[in-house]
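Structure first, then comments.
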Amino acid sequence: MYNIKQSTDTKEAAAIEARRNREKERQNRFFNVRNRVMGVDVQALNNQVGDRKRREAAERSKEAAYGTSQVQYDVVVQMLEKEEADRTRQLAKKVQEFREQKQQLKNGREFSLWDPGQVWKGLPTYLSYSNTYPGPASLQYFSGEDLDRDTRLRMQQGQFRYNLERQQQEQQQAKVDENYT
């Protein structure tokens with residue numbers, strides 16, 4: 001009899017424990033917002049959450065890649081700006097050197113508003129003329145007058161003859177080459 005009484009007590013205790021477990025499960029279902037609403041597919045919701053996390057991770061990686069490319073572009077732009085600044089600095093230096101060497105005030109022939117008497121301070125034109133006796137009609141030589149016209153014309157004629165002979169030689173050579181081929 002003792003065995004029988006225990007078996008009923010254990011059966012009863014197991015039944016009580018089963019009821020408690022079912023009540024806990026019911027309370028979990030009732031108090032869980034996702035499961036309480038009818039028609040909710042927990043698996044689908046989990047898939048949506050996973051998809052969203054993957055999208056966010058892909059966007060973060062894309063933004064990181066964009067950030068690294070922007071850093072590289074910024075470095076390239078800075079290098080190009082530095083090269084351009086160096087070029088402009090070198091050009092300004094060359095221009096300044098040219099001005100110092102070639103464009104000195106003593107070499108200028110321009111009329112100066114600041115010193116209108118500059119034209120009269122220089123040597124007269126007739127003193128630079130090579131002929132010792134210019135004649136009675138040449139009381140003064142004018143600026144821009146070509147004093148060496150004869151030598152210039154002779155040089156131009158010589159250059160013209162040289163170019164003409166050279167063209168003739170080239171034409172003859174072209175004819176020979178044409179006949180040869």
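Numbers for residues simply follow the sequence, beginning at 1.
With rounding to the nearest 0.5 angstrom, the OG1 atom of Thr68 is 9.5 Å from the OH atom of Tyr73. Between the CZ atom in Arg166 and the CD atom in Gln171 there is a gap of 13.0 Å [rounded to 0.5 Å]. Here the CZ atom belonging to Arg99 is positioned 6.5 Å from the CD atom belonging to Gln96, to the nearest 0.5 angstrom. In this structure, the separation between CZ on Arg89 and CG on Leu91 is 12.0 Å, given to the nearest 0.5 Å. The CZ atom of Arg55 lies 6.5 Å from the CG atom of Asp51; values are rounded to the nearest 0.5 Å. Of the inter-residue distances, the one linking Gln169 atom CD with Leu164 atom CG reads 10.5 Å to the nearest 0.5 angstrom.
Among Arg154, Arg149, Met155, the one residue that satisfies the side chain to side chain contact (heavy atoms under 4.5 Å, CB included) test with Arg152 is Arg149. Under the salt bridge (charged side-chain N to carboxylate O under 4.0 Å, His left out) rule, Glu56 has a single partner from Lys53, Arg52, Arg54, which is Arg52.
The pair Glu25-Arg22 does not meet the salt-bridge criterion, since no charged nitrogen lies less than 4.0 angstrom from a carboxylate oxygen. Of the charged side-chain nitrogens involved, none lies within less than 4.0 Å of a carboxylate oxygen, so that Arg161 and Glu165 do not count as a salt-bridged pair.
The other members of the hydrophobic cluster of Val75, by chain and number, are Met79 (side-chain heavy atoms under 4.5 Å, ILVMFWY only). Hydrophobic side-chain contacts under 4.5 Å tie Ile16 to no other Ile, Leu, Val, Met, Phe, Trp or Tyr residue.
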Checklist entry - Do Arg26 and Glu23 pass the salt bridge (charged side-chain N to carboxylate O under 4.0 Å, His left out) test, and can you show the C-alpha distance, the side-chain angles, and the key distance before you say yes or no? => result CA-CA 5 Å; Arg26 187 185 71 79; Glu23 183 64 23; 2.7 Å; yes
Next on the checklist: Gln167 vs Asn163, test: side-chain hydrogen bond (donor to acceptor under 3.5 Å, both in side chains). Steps then yes/no.
Outcome noted: CA-CA 6 Å; Gln167 285 179 357; Asn163 288 339; over 6 Å; no
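Atom CD of Glu170 has more than 12 heavy atoms from other residues, nucleotides or ligands within 6.0 Å. More than 12 heavy atoms of other residues, nucleotides or ligands sit less than 6.0 Å from atom CD of Glu100.
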